[in-house]
Amino acid sequence: MAFITHIRTFAALGSGVIGSGWVARALAHGLDVVAWDPAPGAEAALRARIANAWPALQKQGLAPGASPERLRFVETVEECVRDADFIQESAPERLDLKLDLHARISAAARPEAIIGSSTSGLLPSDFYADAVHPERCVVGHPFNPVYLLPLVEVVGGEKTAPEAVQAAIEVYTALGMRPLHVRKEVPGFIADRLLEALWREALHLVNDGVASTGEIDDAIRFGAGLRWSFMGTFLTYTLAGGNAGMRHFMAQFGPALQLPWTYLPAPELTEALIDSVVEGTREQQGSRSIAELERYRDDCLLAVLDAVKATKEKHGFAFAD
């Protein structure tokens with residue numbers, strides 16, 4: 001079967017933080033978007049999130065014809081997906097919910113339309129079990145804010161056709177994203193497994209009284225985080241090995257991996273730990289609203305992306321490198 005890769009109508013099911021991010025990205029790329037969410041007040045909340053994100057998208061650059069007015073909110077799953085060229089589901093992380101939802105989505109959707117799920121941990125072979133034409137079903141796991149961060153992890157299930165994975169990659173690329181094909185169905189995929197390891201260690205540091213939430217964030221944003229934004233982990237450590245590169249780094253620092261620096265298993269989420277984390281982040285947030293912090297985050301991300309792009313061009317690197 002030939003799957004649709006040139007899309008005009010994007011269907012979004014679920015309009016929370018992730019779902020609204022997909023809507024914003026699709027609108028910014030000049031698409032018509034049909035959205036559905038059964039929650040009370042979902043349409044008003046979605047349009048408010050789009051309005052808050054739109055200034056950043058304008059700074060980034062909009063496709064011809066891009067407009068929030070091209071969003072249509074509907075009352076049923078079937079109406080949302082019926083005429084869509086591409087479908088992205090962003091419902092809560094519950095297997096029973098996704099099983100039922102994808103059975104309904106796939107029964108109503110065009111057979112050649114790719115169906116993507118924003119799940120961050122559930123495996124596609126599990127929640128696509130009752131889907132019609134499961135060969136066109138994939139995971140497309142994005143990162144918040146979806147409308148600015150380019151990474152999307154693409155994962156196929158046992159019944160997913162390789163052509164569907166490639167078609168999804170083409171669609172996500174057309175939406176300005178950097179698709180990363182995850183080769184195996186593994187819980188947490190790639191990025192979240194790395195993030196969870198860091199998160200567990202951060203919680204231990206708070207729990208043990210080593211550092212506050214703000215100090216831990218400073219350790220990332222003034223240190224490794226700056227390097228990660230343009231070089232990642234492995235290439236950063238290659239430079240740490242000097243002219244001899246990674247082999248010298250592994251020889252010099254590899255033995256430290258055996259030292260008991262890290263806990264790895266998460267600490268027990270006691271009320272005391274939760275209170276410490278909440279109080280620390282409340283102090284960091286101060287009097288700023290979430291919407292204000294989102295706009296600050298978006299402006300910073302745009303600045304970092306622009307700076308990295310300009311520097312890569314200066315040194316002759318492709319931006320995707």
Side-chain angles (χ1 to χ4, degrees), residues 10 12-31 33 35 37 39-63 66-71 73 88-93 118-120 140-153 172 175-178 191-192 195-196 198-199 202 212-222 225-226 228-230 277-309:
F10 184 101
L13 298 107
S15 60
V17 172
I18 297 300
S20 62
W22 279 115
V23 172
R25 179 174 281 273
L27 290 170
H29 280 78
L31 301 180
V33 178
D37 191 309
E43 180 177 2
L46 171 58
R47 293 191 184 278
R49 289 192 179 103
I50 299 303
N52 197 52
W54 205 252
L57 290 166
Q58 288 176 313
K59 292 176 184 176
Q60 190 179 53
L62 301 174
S67 170
E69 300 303 316
R70 297 180 69 171
L71 168 62
F73 200 91
Q88 187 75 29
E89 166 270 313
S90 304
E93 293 283 274
S118 302
T119 182
S120 59
H141 173 225
F143 294 84
N144 185 40
V146 181
Y147 53 87
L148 290 183
L149 290 184
L151 182 63
V152 56
E153 294 178 313
Y172 291 134
L175 288 172
M177 306 189 85
R178 177 67 186 269
D192 275 353
L195 294 173
E196 280 296 315
L198 180 63
W199 177 235
S212 68
T213 60
E215 290 164 345
I216 293 168
D217 281 351
D218 285 350
I220 297 299
R221 65 194 185 110
F222 295 120
L226 291 173
W228 288 340
S229 69
F230 59 87
V277 172
V278 170
E279 182 56 37
T281 52
R282 183 183 293 123
E283 183 177 334
Q284 288 178 265
Q285 181 177 346
S287 61
R288 292 163 293 197
S289 69
I290 293 297
E292 288 173 325
L293 286 175
E294 286 175 338
R295 290 193 293 271
Y296 167 74
R297 174 202 63 193
D298 291 354
D299 283 345
C300 287
L301 285 173
L302 285 172
V304 170
L305 289 169
D306 287 345
V308 171
K309 182 178 181 181

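Residue numbers count from 1 along this sequence.
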Considering all heavy atoms, the nearest [X]-[Y] contact:
X      : Y      : answer
Val152 : Met177 : CB-CE, 3.8 Å
Pro68  : Ile50  : CB-CG2, 4.1 Å
Ala24  : Trp54  : O-CZ3, 4.2 Å
Ala191 : Phe143 : CB-CZ, 3.3 Å
Gly280 : Thr213 : C-OG1, 3.0 Å

Interatomic spacing from [atom1] in [X] to [atom2] in [Y] - rounded to 0.5 Å:
X      : Y      : atom1 : atom2 : answer
Glu89  : Ile18  : CD    : CD1   : 11.5 Å
Glu279 : Gln284 : CD    : CD    : 11.0 Å
Leu301 : Ser229 : CG    : OG    : 10.0 Å

Counting only N and O atoms by type, is there a donor-acceptor contact under 3.5 Å from the side chain of [X] to the main-chain atoms of [Y]?
X      : Y      : value
Glu93  : Ser120 : yes
His29  : Leu175 : yes
Arg288 : Gln285 : yes
Arg47  : Leu71  : yes
Asp37  : Ser15  : yes
Arg295 : Asn52  : no
Glu294 : Pro145 : no

*Do Gln88 and Tyr172 pass the side chain to side chain contact (heavy atoms under 4.5 Å, CB included) test, and can you show the C-alpha distance, the side-chain angles, and the key distance before you say yes or no?*
CA-CA 11 Å; Gln88 187 75 29; Tyr172 291 134; 2.7 Å; yes

*Return each pair, listed once, that meets side-chain hydrogen bond (donor to acceptor under 3.5 Å, both in side chains) where at least one residue sits in residues 16-27; pairs must be two or more places apart or across chains.*
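Those involving residues 16-27 are Trp22-Ser118.
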
*Are Gln60 and Leu302 close enough, and set up right, to give a side chain to side chain contact (heavy atoms under 4.5 Å, CB included), and what steps lead you there?*
CA-CA 7 Å; Gln60 190 179 53; Leu302 285 172; 3.8 Å; yes

*Any side-chain heavy atom of His141 within less than 4.5 Å of one from Asp192?*
yes

_Leu57 vs Leu27 side-chain heavy atoms within contact, under 4.5 Å_ =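 Side-chain contact under 4.5 Å: no.
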
*Do other residues, nucleotides or ligands put more than 12 heavy atoms under 6.0 Å from Glu292 CD?*
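Enclosed: over 12 neighbouring heavy atoms sit under 6.0 Å from CD of Glu292.
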
*asked:* Could you work out, with side-chain hydrogen bond (donor to acceptor under 3.5 Å, both in side chains) as the rule, every residue matching Tyr147, not counting sequence neighbours?
replied: Arg297, Asp298

*For Val308, which of Leu305, Asp306, Val304 qualifies under side chain to side chain contact (heavy atoms under 4.5 Å, CB included)?*
Val304

